[in-house]
Q: 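For reference, the structure I am asking about is given below.
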Amino acid sequence: MENPGIPKTYEPQKVEPYWADFWVQKGYFKPEKGSAKPSFVIVIPPPNVTGSLHMGHALNNTLQDVLIRWKKMDGFDALWVPGTDHGGIATQNVVEKLLKKEGTSRHELGREKFLERMWSWRKESGDTILMQLRRLGASLDWSRTRFTMDETCSRAVLEAFSRFYKKGWIYRGLRMVNWCVRCQTALSDIEVEFEERKDKLYHIRYPLGANDQYLIVATTRPETLLGDTAVAVHPDDPRYSPLKGKSVQLPIVNREIPIIFDSAVDPKFGTGVVKVTPAHDPADFDIGERHNLEQIAVIGFEGKMTAKALQYQMLSREECRKRILEDLEAQGLIEKIEDYPHSVGTCYRCGVIIEPLVSDQWFLKVEHMAQEAAQATRETLVQIFPSSWNGPYLHWLDNLRDWCISRQIWWGHRVPIWYCLNSKKDQGCPASELKSTHPASQTACPPVVSGTMPEKCAACGGVQWEQDPDVLDTWFSSALWPFSVLEWPQPSADLQKYYPTSVLVTGHEILYLWVARMVMFGLTFAPKGMDEPAQRIPYSHVFIHGIVRDKQGKKMSKSLGNVIDPLVMMDKFGTDALRFVLASQSVPGRDMQISDETFLSARNFANKIWNVSRFAFMNFPQGQALPTNAQSLRANQLELCDQWILSRLQKTIEAVRQSLNEYNLAQTARLLYQFLWSEFCDWYIELSKIRILDPTDSSQKRAVVATLDYVLTRLLMLVHPVMPFITEEIWRSRLALAGENRPQSLLEQPYPQLDPTLVEQDAESKMELFRFLIVAVRTIRSEMNVPPANKLNLILVVKDPAQAQLIQKHSRYLEHLCRAKQLQIVSSAQKPNKSAAVLVQDIELFIPLEGLIDFSKEKQRLEKELKHVEEDMERVSLRLSNPDFRANAPADEVERAQERMESSGLKKERLKEHLETLFA
RNA sequence: GGGCGAUUAGCUCAGCGGUAGAGCACUGCCUUUACAAGGCAGGGGUCGUAGGUUCGAAACCUACAUCGCCCACCA
């Protein structure tokens, strides 16, 4: 009985490394050279080199892998391009932490030494995550692996920058930016994360001249008072119109500041008076611009108070707030303090509160690109799945402000701008303290865009140069990713063949940060010869999946300690189980919650596939030409249950393909699970045993084995994209049984397609009758506690001769699955004494149980059944007696209700009769 | 402040106009040519609340409540 080809239990740990290696060695992940097939391309969202595979990566890459494997099997030239991201601030922070442990810092090392350190760190740990992806089974073409700071990608960055620069879209500007005082760099607007904080709203009195009158100003940031250069009210606010041209005395500083009128002020907020600090608040910055107010920077780039902050100089912003409040209190200038929950901007990399500061930065004009990108979506050239993301996506594009692309860190693409030092101007730019230190403000010659140091200054002939110290936002290179990985700007064959790509798979948290920007850059920089918008977009589909959360619905994070490590799950349950969990939880538009228990049923599912295969293989004759194809299948005398399972398989194939097309992988997983477990294993396998065990009829055995093999192999193909390891292992055993020992992959097999000639609606409904009959008998057996050893006699009263014939023909189904010893089919009969009875469709079924059971139990069972029927009849008759229902409902619906009423009526009568005769 | 999503069995979630579903958990029975990580059967839900549309609503609409997320210069 032991099968030589396949061990008793599936041990993922033993087979997974073999296959992960096999696929790569045999080149299954490479696209076919010179293939005429249509291409299907995905570029990976590059994980940061800092990373180790977490559940989010596992999800993201499992979904992509499912699509790639599916398309590859389905006749596409599939390519999935791997790579990693240098991860700007995040990665620099990691190495800076290491340096701190070593008692040094990047400033101590200096820029050059620090960058050496970064590169060596990236060299030793940058590939970790790629190796982990390999373990996940990701079918990435490793020969095309890219890194956002490798030569190819860096060339693309330089090219993009200079093209933007030539267009005049890149400019330097003194603007209010989001400054992280910990990371010591500017951030773009979307890199700020807002957090709800319980804060205070301080109402402060600003004296109005000499008498005791004052204006009350509400603020959450009293420390910025030191930099106030006005107070503002709404122009239409009648309370303050007499104050036109007046001024107030700024507390503590005792500076006189004007009262100005600006419609940005909300008269309903607080007292309708707002302090204006143009150097430390974005809204105030704008007001300041409109009213030509002075900017007084009282908070410096380190988050400490500047010399302008008088006696508070060198205090931290937090300490300063405390001291100011004490001083105001002492002077009686605090009106009141209220609790005030509001959201505070924090750095998305380190979580420290963002300081809005005026600083000189590089910006990219986005208006034109954003319009084009929005247009591409409005014209459905770029479609987002699920479409509910269209709204937020377009809203973001429509309201986009210029992108601050410069960062004051060292790890990244350095801004390729050079300044001629020959013509150094005098120090001390009037505009800003920061600006004066930047080389941009120190040269009279026009700066030069170049990847390397220019030779000679065209303006003055100077040869001394200094490169801009800033680096570009890490998302700048990410925005180029779909074509930089294909070697843009070089006119490569890959670019011609594989751009635009097919679909981008990602989580919604980087829809703006990354997805939108790739569309903008793609439209701008599409390869030569691709002029139509449909050719310029980087991908036509965006598949947005959910975020992995824990059991409580919280985001997984190290600090919360709720992380489920995918690598541990692979060890414990197998990679296929992990992949199945992630796919089965991936409902479009929804985040997913996973816990350890979720993995158990996936692991059990893998085991089920394994065991059903064992069963099948056990019964395959040696030397038979297998696997079965449609032709060899039809050569057999198929019977009802064969036709049924083949038809169900076709329906499943159709539904699975549909779900994949819709990116509804939860549906895909569910369909596979249900078909394999609830139909194939629970019913077909059990029915197949009848003929397999029948020693008298070998042609019948051939038919059932052929069907078994046909369904099982298609199932392996259907399941393979989701669970590649176990399906390969079973496939290998299958081939070995057929004497085929050449190693090959399921990836060479076609993804199953609907075969309409195998759809048998008639067989499906006939099988349904048998299933109902079998369940009915089993229910009675179970509820009456009839032990399995007791074989039952069944009496079936069947009026329809055709039906009688059908049941007679397949009476073995009933005998085997209900453990019946004798089947009596009659056209009419009185209920035998001492028997249980049940009605299935219009077939009456009696089970003589004299001496076997307690008939009061049967009475209870019948009464319960009767109650159900009566309740049901009541509902249906209510509907039928409603003239509006007959008038308005579709005819077939009315008919269905009538039929149901009739059959229920019949059932009710029979049940009553049975109850009456029960003890007769 | 604006928007999106969720609210269905004890738990995790499908379903999204025509008799309320799955997995896990629970109860009973079962070593039967795969699988006890299993088989068979069973119990358990007025589908968040209130209105409306409809012959018919878990599903569509409108409010409300609760939770979550996203966006916004929330002084």
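Just so we're on the same page: letters track the sequence lines, and every chain starts at 1. Side-chain atoms are counted along with the backbone in the values below, which use heavy atoms only and exclude waters and symmetry mates.
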Q: Nearest of B:rG18, B:rA37, B:rA75 to any side-chain atom of A:Asp281?
A: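 Of the candidates, B:rA75 comes closest.
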
Q: Counting heavy atoms from C-beta on, name the nucleotide in B:rG18, B:rA75, B:rC35 closest to the side chain of A:Thr220.
A: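 Of the options given, the side chain of A:Thr220 lies nearest B:rA75.
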
Q: Where the side chain of A:Tyr512 is defined as all heavy atoms beyond and including C-beta, which of B:rG18, B:rC71, B:rC35 is the nearest nucleotide?
A: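 Closest nucleotide among those given: B:rC71.
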
Q: Could you work out the separation of B:rC64 and B:rA25 based on their P atoms and round it to a whole Å?
A: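 Between the two P atoms, the distance is 42 Å.
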
Q: With a 6.0 Å cut-off on ring centres, are A:Trp677 and A:Tyr673 close enough?
A: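 That pair passes the under 6.0 Å test.
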
Q: Among B:rU19, B:rG39, B:rG18, which nucleotide has an atom closest to any side-chain atom of A:Pro890?
A: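 That would be B:rG18.
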
Q: Between B:rA37 and B:rC71, how far apart are the P atoms? Round to whole Å, please.
A: 46 Å

Q: Would you give a per-nucleotide map of nucleotides 40-45 of chain B, 5' to 3', where B means the base has a protein non-hydrogen atom under 4.0 Å away, S means only the sugar-phosphate does, and - means neither?
A: SSSS--

Q: Which atom pairs link the protein and nucleotides 1-8 of chain B when you take only N or O atoms and keep those under 3.5 Å?
A:
unit_1 : atom_1 : unit_2   : atom_2 : d
B:rA6  : O3'    : A:Arg590 : NH1    : 3.4

Q: Give me the distance, rounded to whole Å, that separates B:rA41 from B:rC55 when you measure between the P atoms they each carry.
A: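 Nearest-Å result for B:rA41 against B:rC55 at atom P: 41 Å.
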
Q: Mind checking the C1' distance from B:rG48 to B:rU7? Whole angstroms is fine.
A: 6 Å

Q: Below the 4.0 Å mark, does B:rU54 have OP1 or OP2 next to a side-chain nitrogen or oxygen of A:Asn888?
A: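 Result: no.
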
Q: Over how many whole Å does the gap from A:His508 atom NE2 to B:rC70 atom P extend?
A: 8 Å

Q: Applying a 4.0 Å non-hydrogen cut-off, can you work out what A:Ala889 is touching in the nucleic acid: base, sugar-phosphate, or nothing?
A: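 Here A:Ala889 touches the bases of the nucleic acid.
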
Q: Listed by chain and number, what are the side chain to side chain contact (heavy atoms under 4.5 Å, CB included) partners of A:Arg321, not counting sequence neighbours?
A: A:Asp199, A:Tyr202, A:Arg221, A:Pro222, A:Glu223, A:Leu325

Q: Nearest to the side chain of A:Gln593, which nucleotide is it out of B:rC30, B:rA34, B:rC13?
A: B:rC13

Q: Taking any heavy-atom pair under 4.0 Å as a contact, classify A:Lys275: base, sugar-phosphate, or nothing.
A: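 Touches nothing.
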
Q: Output all residues satisfying side chain to side chain contact (heavy atoms under 4.5 Å, CB included) with A:Asp266, sequence neighbours left out; order by chain, then residue number.
A: A:Lys268, A:Phe269

Q: Need to verify one output field. Residue with the more 5' nearest nucleotide on RNA chain B, A:Leu201 or A:Asn611?
A: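 First, find each residue's nearest nucleotide; the 5'-ward one identifies A:Asn611.
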
Q: Go through the steps for A:Phe573 and A:Leu578 under the test side chain to side chain contact (heavy atoms under 4.5 Å, CB included), then give the verdict.
A: CA-CA 7 Å; A:Phe573 302 104; A:Leu578 169 71; over 6 Å; no

Q: So what does A:Phe285 hit on the nucleic acid, given a heavy-atom distance under 4.0 Å: a base, only sugar-phosphate, or nothing?
A: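 The residue A:Phe285 makes no contact with any strand.
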
Q: Between C1' on B:rC24 and CD on A:Gln585, what's the gap in Å once rounded to a whole number?
A: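 One finds 12 Å between C1' of B:rC24 and CD of A:Gln585, rounded.
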
Q: Say you pick atom C1' in B:rG1 and the same atom in B:rA72; how far apart are they, in whole Å?
A: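 Their C1' atoms lie roughly 8 Å apart.
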
Q: Can you tell me which residue among A:Lys907, A:Arg879, A:Arg900 is in a salt bridge (charged side-chain N to carboxylate O under 4.0 Å, His left out) with A:Asp872?
A: A:Arg900

Q: Which pair of non-hydrogen atoms, one from A:Met176 and one from A:Ala279, has the smallest distance, and what is that distance?
A: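 Taking every non-hydrogen atom into account, CE-O, 3.2 Å.
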
Q: For A:Val587, which contact category applies under a 4.0 Å heavy-atom criterion: base, sugar-phosphate, or nothing?
A: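 Since only primed, P, OP1 and OP2 atoms lie under 4.0 Å of A:Val587, the category is sugar-phosphate.
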
Q: Going by salt bridge (charged side-chain N to carboxylate O under 4.0 Å, His left out), name the pairs with one or both residues in residues 388-400 of chain A, residues two or more places apart or in two chains.
A: A:Arg378-A:Asp398

Q: A:Asn399 CG to B:rC71 C1': how many Å, rounded?
A: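 Atom-to-atom, A:Asn399 to B:rC71, this comes out as 9 Å.
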
Q: Kindly write out the residues that satisfy side chain to side chain contact (heavy atoms under 4.5 Å, CB included) with A:Lys908, not counting sequence neighbours, or none if the list is empty.
A: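 By the side chain to side chain contact (heavy atoms under 4.5 Å, CB included) rule, A:Lys908 matches A:Leu866, A:Val869, A:Glu870, A:Met873, A:Lys912.
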
Q: Filter on salt bridge (charged side-chain N to carboxylate O under 4.0 Å, His left out), then keep only pairs touching residues 271-283 of chain A, sequence neighbours left out; what's left?
A: A:Asp228-A:Lys275

Q: Extract all donor-acceptor atom pairs below 3.5 Å that involve side chains of residues 186-195 of chain A and protein atoms in other chains or at least two apart in sequence.
A:
unit_1   : atom_1 : unit_2   : atom_2 : d
A:Ser188 : OG     : A:Glu191 : OE1    : 3.0
A:Asp189 : OD1    : A:Asn178 : ND2    : 3.1
A:Glu191 : OE1    : A:Ser188 : N      : 2.8
A:Glu191 : OE1    : A:Arg407 : NE     : 3.4
A:Glu191 : OE1    : A:Arg407 : NH2    : 2.4
A:Glu191 : OE2    : A:Tyr348 : OH     : 2.8
A:Glu195 : OE1    : A:Arg197 : NE     : 3.2
A:Glu195 : OE1    : A:Arg197 : NH2    : 2.9

Q: Which residue pairs pass the salt bridge (charged side-chain N to carboxylate O under 4.0 Å, His left out) test with at least one member in residues 683-692 of chain A, sequence neighbours excluded?
A: A:Glu639-A:Arg691, A:Asp642-A:Arg691, A:Glu686-A:Lys689

Q: To the nearest Å, how far apart are A:Lys608 NZ and B:rA37 P?
A: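 The answer, rounded to whole Å, is 12 Å.
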
Q: How is A:Arg900 classified with respect to the nucleic acid when contacts are heavy atoms under 4.0 Å: base, sugar-phosphate, or nothing?
A: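 Base: the residue A:Arg900, judged by heavy atoms under 4.0 Å, touches a nucleobase.
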
Q: A:Tyr673 has an atom OH; how far is it from atom P of B:rC13, in whole Å?
A: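 About 17 Å, once rounded to whole Å.
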
Q: Of all residues at least two apart in sequence or in a different chain, which pass the side-chain hydrogen bond (donor to acceptor under 3.5 Å, both in side chains) check with A:Thr727?
A: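 A:Thr727 satisfies side-chain hydrogen bond (donor to acceptor under 3.5 Å, both in side chains) with no residue once adjacent residues are dropped.
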
Q: Roughly how far apart, to the nearest Å, are B:rU8 and B:rG23 at atom C1'?
A: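 Nearest-Å result for B:rU8 against B:rG23 at atom C1': 15 Å.
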
Q: Check the distance between B:rG18's P and A:Glu893's CD and give it to me in whole angstrom.
A: 8 Å

Q: With a 4.0 Å cut-off on heavy atoms, is A:Arg603 in touch with a base, just the backbone sugar-phosphate, or nothing at all?
A: base

Q: Reckon A:Lys572 has a side-chain N or O less than 4.0 Å from the OP1 or OP2 of B:rA37?
A: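 False: A:Lys572 side-chain N/O out of range (4.0 Å or more) of B:rA37 OP1/OP2.
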
Q: Is A:Asn882 touching bases, backbone alone, or none of the nucleic acid, heavy atoms closer than 4.0 Å?
A: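 It contacts sugar-phosphate atoms only.
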
Q: Assign each of A:Thr598 and A:Phe615 to its nearest nucleotide of RNA chain B by heavy atoms, then name whichever residue's nucleotide is nearer the 5' end.
A: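 Upstream on the strand: A:Thr598.
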
Q: Reading RNA chain B 5' to 3', how would its secondary structure be written in dot-bracket notation, given Watson-Crick and G-U pairs with both distances under 3.5 Å, brackets [ ] for crossing pairs and | for partners on other strands?
A: (((((((..((((....[..)))).(((((.......))))).....(((((..]....))))))))))))....

Q: Side chain of A:Ala283, heavy atoms from C-beta onward: which of B:rC73, B:rA34, B:rG38 has the nearest atom to it?
A: B:rC73

Q: Look at the aromatic rings of A:His342 and A:Tyr340 and report parallel, tilted or perpendicular, splitting at 30° and 60°.
A: tilted

Q: Find the distance A:His342:NE2 to B:rA72:P and express it as a whole number of Å.
A: 17 Å

Q: What's the CZ-P distance between A:Arg321 and B:rA75, to the nearest Å?
A: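 Whole-Å distance recorded here is 12 Å.
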
Q: Pairs of donor and acceptor atoms involving the side chains of residues 882-894 of chain A, under 3.5 Å and at least two apart or interchain, shall be tabulated with distances.
A:
unit_1   : atom_1 : unit_2   : atom_2 : d
A:Asn882 : OD1    : A:Asp884 : N      : 2.9
A:Arg886 : NE     : A:Leu880 : O      : 2.9
A:Asn888 : ND2    : A:Asp884 : O      : 3.1

